[in-house]
Chemist: 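First the structure, which I've put down as structure tokens, then a few questions once you've had a look.
For clarity, every value in this text was computed on a predicted model and none was experimentally measured. Order of listing sets the numbers, starting from 1, for every ligand and every atom in it.
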Amino acid sequence: MLEFQQLSFCYPDTTAPALVDVSCTVAPGSYVVMLGANGSGKTTLARLANGLLLPESGAVIVDGLDSSDILRQRELRQLVGLVSQDPDEQIVSTTVLDEVAFGPENLGLPPTEIATRAQQSLAAVGLLGLSEHDPNTLSGGQKQRLVLAGILAMHPRYLVMDEPTAMLDSAARNEFMNIIDDQRSQGRGILHITHDLTMAAQANSVLVLCAGKLVFQGPPAKLLAAEADLVTWQLK
Ligand code: ADP
């Protein structure tokens, strides 16, 4: 279970906290959608999920591992893969294969295991035929799938995705989300930050952040019934 427990966070030199007392969970094999206006704290929560930021108070616990345990940060980053909006910011290698091998290499895995994971991950995202290509020559959708392959090669249990399809056209978006659905059905827990209310309709559970506070947590049907509240939360 990916657990956020009474999480509060304030950036240095700011007065208003980015997150206030947020508690929620993402279970293995579940699809959780997080909504919220710009500035409501969604990216901050995503960065707290895999230890890029550490909570000021409260805790992030991933399958029993506390993100504040700095000796186990590598393990945490392996357990929780973070996909952000712009793939160009995440791609570091000059070939598709090197990009997917990068994470497993950093884990110090043996070469045969690295090769196996790279092939499996490229197959999972439909990029097997492009191993020797330069990532710069790929389309936006292919680049985002490459980022995902690099994360899958680390065998994460949870995927936290911060508007991963915001820069993609609708065909690429559908392709990406089909892969995510496969990953969820294989047991990975998914936290999807998005502005797209149609994604919320497909979620097991929806979270709404407003000015750093969790103002809604529940099944999508309950959210879609809350017409007046949607306006208050600036989701329309
Ligand atoms: P969202 O992802 O919902 O747009 P963010 O988590 O990016 O929200 O931001 C939450 C709040 O924290 C906002 O008020 C934002 O201005 C502030 N914030 C975000 N990043 C920083 C930073 N690096 N330094 C100071 N304040 C920040």
Chemist: Hey, which atoms in ligand 1 end up nearer than 4.0 Å to a heavy atom of Ser40?
Modeler: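 Result: 1 (P), 3 (O), 8 (O).
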Chemist: Looking at atom 16 (O) of ligand 1, is any protein heavy atom nearer than 4.0 Å to it?
Modeler: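 Given the 4.0 Å cut-off, atom 16 (O) of ligand 1 does not count as touching protein heavy atoms.
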Chemist: Can you pull out the closest protein heavy atom to atom 8 (O) of ligand 1? Residue, atom name and distance to 0.1 Å, please.
Modeler: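 Protein heavy atom with the smallest distance to atom 8 (O) of ligand 1: Gly41 N, 3.1 Å.
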Chemist: Distance under 4.0 Å to a non-hydrogen atom of Thr44: what atoms of ligand 1 satisfy this?
Modeler: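 Listed by number with element, the hits are 5 (P), 6 (O), 9 (O), 10 (C).
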Chemist: Drop me the distance from Gln5's CD to Thr25's OG1, to the nearest 0.5 angstrom.
Modeler: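 Between atom CD of Gln5 and atom OG1 of Thr25 there are 10.0 Å.
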Chemist: Minimum heavy-atom separation for Val60 and Phe4, please, with both atom names.
Modeler: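 Taking Val60 first and Phe4 second, the nearest heavy atoms are CG2-CD2, 4.0 Å.
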Chemist: Looking at every heavy atom in both Leu7 and Leu45, which two are closest together, and how far apart are they?
Modeler: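 Leu7 and Leu45 have their closest heavy atoms at CD2-CD1, 3.9 Å.
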Chemist: Regarding Lys42 and Asp162, does a basic nitrogen lie under 4.0 Å from an acidic carboxylate oxygen?
Modeler: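 Looking at Lys42 and Asp162, the cut-off is not met.
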Chemist: Considering distance alone, does some N or O of Thr14 sit under 3.5 Å from an N or O of ligand 1?
Modeler: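 It does not: no N or O of Thr14 is found under 3.5 Å from an N or O of ligand 1.
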Chemist: With a 4.0 Å cut-off, strictly under, does atom 25 (C) of ligand 1 pick up any protein heavy atom?
Modeler: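 It does; a protein heavy atom is within 4.0 Å.
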Chemist: Closest non-hydrogen protein atom to atom 7 (O) of ligand 1, residue and atom name please, with distance?
Modeler: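 I find the closest protein heavy atom is Thr43 CB, 3.7 Å.
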Chemist: Which ligand 1 atoms, with their elements, are less than 4.0 angstrom from a heavy-atom of Asn38?
Modeler: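 Matching atoms, with element in brackets: 4 (O).
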Chemist: Could you tell me whether Asp88 and Lys143 have a side-chain N and a carboxylate O separated by less than 4.0 Å?
Modeler: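 Salt bridge between Asp88 and Lys143, a charged N being under 4.0 Å from a carboxylate O: yes.
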Chemist: Considering only the protein, which heavy-atom contact is closest to atom 3 (O) of ligand 1, and what is its distance?
Modeler: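 Nearest protein contact, heavy atoms only, for atom 3 (O) of ligand 1 is Lys42 NZ, 2.8 Å.
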Chemist: Under 4.0 Å from any heavy atom of Ala37, which atoms of ligand 1 are there?
Modeler: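 Ligand 1 atoms under the 4.0 Å threshold to Ala37: 3 (O).
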Chemist: Using every non-hydrogen atom in the two residues, find where Gly212 and Val22 come nearest and quote the distance to one decimal.
Modeler: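 Minimum heavy-atom contact is O-CG2, 3.5 Å.
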Chemist: Could you tell me whether a side-chain N or O of Glu56 sits under 3.5 Å from a main-chain N or O of Cys10, the two making a donor and an acceptor?
Modeler: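 The answer is yes, because a donor-acceptor pair under 3.5 Å joins these two groups.
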Chemist: Tell me the protein heavy atom at minimum distance from atom 27 (C) of ligand 1, and give that distance in Å.
Modeler: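 For atom 27 (C) of ligand 1, the nearest protein heavy atom is Tyr11 CD1, 3.3 Å.
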Chemist: Report yes or no: do Asp196 and Thr194 form a side-chain donor-acceptor pair below 3.5 Å?
Modeler: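 Per modelled atom types, Asp196 and Thr194 side chains form no pair under 3.5 Å.
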Chemist: Considering only protein heavy atoms, which is closest to atom 10 (C) of ligand 1, and at what distance to one decimal place?
Modeler: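 Going by distance alone, atom 10 (C) of ligand 1 is nearest to Gly39 O, 3.5 Å.
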